[in-house]
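Inspection log for the structure reproduced underneath, given as structure tokens.
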Amino acid sequence: MALYRYLPVPSDRMGTLWTLSCIKDAFIIEFGPSGTTHFAMEGMMQLNGDHNANIYTTHINETDISFGNEERLEKAIIEIDQDHHPQYIFVMASSISAIIGTDIKSICFKMQPQAKAKLIPITTGGYNGDYTVGVENTMLTLCKHVVKKEGVKKSKSYNIIGNTIDAYNFLSDVEEIKTLMKEVFQYHIHTTFTAYTSMDEIENALSGAFNLVLRTEGIKGAKYLKDNGDMPFYYGKPYGLEGTMAFIKGIEKQFQLQINETYIQNKMNQINKYLMHYKFVTRELDNKKVALIGDFDIVIGLAGLMEELGLEVDQLLIKHKKNKHTPEELLIRYKDRIHFNQSEKQISMYLEKTPLYLLLSDGSTLKLHNKSEKTLQIANPNFIKHNIYPYTPFVGFNGVLYMIQNLIELEKSIV
């Protein structure tokens with residue numbers, strides 16, 4: 001077992017809680033001790049995301065664990081169903097009840113006749129993989145069990161799949177994508193999976209024209225809606241100028257939409273000026289090596305921007321395991337420099353021996369000893385940043401400008 005000085009990679013259970021906890025009117029019962037659920041809620045405060053769901057714990061004790069007593073969970077289901085009348089109750093095992101083999105599916109099947117709410121079993125109890133597995137399975141569960149089979153299509157509307165609160169800059173990034181879709185295509189957001197949406201909005205997701213999938217963990221759910229709801233999807237996230245144009249062109253081609261060329265040209269002219277400015281500022285650097293550490297989609301997206309800025313991408317270190325739905329063509333460009341499932345020890349050894357100009361990483365990695373001249377946080381976990389202002393994106397045209405601004409300020413700062 002690897003040793004961690006700061007935080008190990010969170011489990012699938014945490015990914016599930018993060019994905020559901022920001023949905024208004026979601027009711028979740030975790031079958032476990034109250035301290036486990038409380039600790040999970042405390043951890044969410046470091047994500048800078050609001051906790052909008054109703055999360056309950058049954059508070060099991062040693063006797064329940066020893067004898068496999070499920071009575072507390074059954075009573076909790078009935079109590080919440082009768083007191084709050086929710087449409088859905090998500091029932092999940094905690095790490096402790098999962099390890100003793102509590103069969104959540106069977107309990108939901110047994111209790112369903114006694115509840116008016118639809119009971120949805122969550123089987124990610126903390127031992128099936130890292131948090132990305134929990135995010136992926138939970139978004140698929142929402143698509144399977146909550147989205148209604150039919151919907152009246154709303155003109156010029158789309159859904160976003162994969163804007164979840166565990167993504168470090170989720171609040172600003174989604175606002176920039178909304179701006180991009182409005183200014184370039186005159187399309188408006190319908191449903192977001194799952195940050196700051198409601199159960200009603202998720203139910204009616206098929207009223208949107210198509211899905212935009214922002215992270216690989218959303219592809220599985222989007223494929224389900226394509227196969228079972230005839231809803232097409234586009235996967236990608238618009239990092240950097242080239243990446244933003246690829247995002248726009250990809251959507252234009254796939255959904256046969258009209259582009260606002262004037263808006264794009266104005267933005268490109270504005271950005272090209274600052275791209276050149278940054279290259280001029282850093283033209284005499286001897287060491288232009290950059291390392292990016294964090295979640296897959298932001299690491300591979302910002303790597304493209306770093307190259308546009310004239311920097312040299314040295315390594316891309318992903319802290320979670322590779323998703324089997326990740327398009328292989330995304331990996332070819334960095335096939336010798338991208339590494340998945342990196343432990344704190346592996347990352348620490350790399351940072352201690354590698355002099356870097358710039359380290360883009362998560363909050364805990366930035367606390368490790370490193371030889372980087374400049375550092376900037378791009379991923380969770382987060383210890384000091386408060387991302388409450390929703391207009392500091394890493395994506396889209398304005399994301400390019402914001403990143404260049406950050407990097408120019410770093411370059412001018414005194415180390």
Side-chain angles (χ1 to χ4, degrees), residues 1-4 6-47 49-131 133-135 137-138 141 145 165-166 199 381:
M1 178 178 138
L3 291 176
Y4 285 86
Y6 295 104
L7 294 172
V9 178
S11 70
D12 59 332
R13 168 179 167 266
M14 293 306 300
T16 293
L17 286 171
W18 293 340
T19 306
L20 292 176
S21 66
C22 54
I23 304 174
K24 184 182 177 184
D25 303 326
F27 282 77
I28 305 152
I29 303 174
E30 187 171 45
F31 186 44
S34 59
T36 304
T37 307
H38 179 77
F39 182 78
M41 299 302 101
E42 289 284 329
M44 286 184 203
M45 296 173 67
Q46 294 181 335
L47 301 180
D50 291 339
H51 165 203
N52 296 328
N54 304 279
I55 303 178
Y56 300 87
T57 177
T58 58
H59 189 48
I60 57 177
N61 58 26
E62 292 85 349
T63 302
D64 297 322
I65 296 169
S66 299
F67 294 98
N69 189 350
E70 299 159 355
E71 188 178 349
R72 288 174 187 262
L73 179 57
E74 295 173 1
K75 286 183 176 179
I77 291 171
I78 296 301
E79 184 178 337
I80 291 170
D81 183 62
Q82 293 180 350
D83 288 356
H84 300 282
H85 311 293
Q87 287 183 277
Y88 305 90
I89 299 176
F90 297 94
V91 183
M92 64 183 293
S94 73
S95 300
I96 290 178
S97 55
I99 205 168
I100 63 173
T102 302
D103 190 342
I104 293 295
K105 283 186 177 178
S106 293
I107 295 172
C108 287
F109 182 77
K110 172 186 168 185
M111 296 300 297
Q112 186 60 77
Q114 301 177 51
K116 290 184 179 179
K118 182 176 181 179
L119 304 181
I120 301 177
I122 301 289
T123 58
T124 47
Y127 303 101
N128 299 308
D130 60 42
Y131 65 100
V133 175
V135 172
N137 287 341
T138 307
T141 295
H145 299 292
I165 63 172
D166 62 301
M199 294 302 294

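In this text the structure is predicted, and so the values were computed from the model without any measurement. We use all heavy atoms of the structure for the numbers below, so side chains are in, but hydrogens, waters and symmetry mates are not.
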- Query: Between atom CG of Asn54 and atom NZ of Lys24, what is the distance when rounded to the nearest 0.5 Å?
  - Reply: 11.0 Å

- For His145, all residues meeting side-chain hydrogen bond (donor to acceptor under 3.5 Å, both in side chains), sequence neighbours excluded: none

- Less than 4.5 Å apart, any side-chain heavy atom of Met111 and any of Leu73? no

- Item | Interatomic distance, Ile122 atom CD1 to Ile29 atom CD1 [nearest 0.5 angstrom] | 12.0 Å

- Query: Rounded to the nearest 0.5 Å, how far does CD1 of Ile89 lie from OH of Tyr56?
  - Reply: 9.0 Å

- Item | Considering all heavy atoms, the nearest Thr57-Gly32 contact | OG1-O, 3.0 Å

- Closest non-hydrogen atom pair, Leu119 against Cys108: CD1-O, 3.7 Å

- With side-chain contact (heavy atoms from CB on, under 4.5 Å) as the test, would you mind laying out the steps for Gln114 and Ile77 before giving the verdict? CA-CA 9 Å; Gln114 301 177 51; Ile77 291 171; over 6 Å; no

- Task: State the CE-OG1 distance between Met14 and Thr19, to the nearest 0.5 angstrom.
- Result: 10.5 Å

- So which heavy atom on Asp81 is nearest to which on Ala117, and how close? OD1-N, 2.9 Å

- Query: Out of curiosity, Thr58 OG1 to Glu70 CD, how far, rounded to the nearest 0.5 Å?
  - Reply: 10.5 Å

- CA sep, side-chain torsions, deciding dist, call: Thr16, Thr138, side chain to side chain donor-acceptor pair (under 3.5 Å): CA-CA 6 Å; Thr16 293; Thr138 307; 3.1 Å; yes

- Could you pull out the closest heavy-atom pair between Ser94 and Ser97, with the gap in Å? N-OG, 2.9 Å

- Does Tyr127 use its side chain to pair, donor to acceptor, with the backbone of Ser95 at less than 3.5 Å? yes

- Looking at Ile165 and Trp18, what are the two nearest heavy atoms and their distance? CG1-O, 3.6 Å

- How about Lys118: does its NZ atom have over 12 heavy atoms from other parts shown lying under 6.0 Å from it? yes

- Task: Enter the distance from Ile28:CD1 to Ile23:CD1 here, rounded to the nearest 0.5 Å.
- Result: 7.5 Å

- Item | Worked check of side-chain contact (heavy atoms from CB on, under 4.5 Å) between Ile60 and Ile96 | CA-CA 9 Å; Ile60 57 177; Ile96 290 178; 4.2 Å; yes

- Return each pair, listed once, that meets salt bridge (Lys or Arg N to Asp or Glu O under 4.0 Å) where at least one residue sits in residues 91-113; pairs must be two or more places apart or across chains. Glu74-Lys110

- Query: Would you call Lys75 and Glu79 a salt bridge, taking side-chain N to carboxylate O under 4.0 Å as the test?
  - Reply: no

- Message: Please give me the minimum heavy-atom distance between Asn52 and Cys22, naming the atom from each residue.
- Response: ND2-O, 3.3 Å

- Message: Does the plane of the ring in His84 sit parallel, tilted or perpendicular to the ring in Phe27? Use 30° and 60° as the thresholds.
- Response: tilted

- Message: I'd like to know if the side chain of Asp12 reaches the main chain of Tyr131, judged simply by a donor and an acceptor atom lying under 3.5 Å from each other, with no hydrogens or angles considered.
- Response: no

- Test side-chain contact (heavy atoms from CB on, under 4.5 Å) applied to Ile104 and Thr102, step by step: CA-CA 6 Å; Ile104 293 295; Thr102 302; 4.1 Å; yes

- Query: Is Phe109 atom CZ crowded by more than 12 heavy atoms from other residues, nucleotides or ligands, each under 6.0 Å away?
  - Reply: no

- Taking only residues two or more places apart in sequence or in another chain, which ones pass side-chain hydrogen bond (donor to acceptor under 3.5 Å, both in side chains) with His51? none

- Could you walk me through whether Ile55 and Glu30 pass side-chain contact (heavy atoms from CB on, under 4.5 Å), step by step? CA-CA 8 Å; Ile55 303 178; Glu30 187 171 45; 5.5 Å; no

- Message: Taking the side chain as everything from C-beta on, heavy atoms only, tell me whether Asp25 gets closer than 4.5 Å to Gln87.
- Response: no

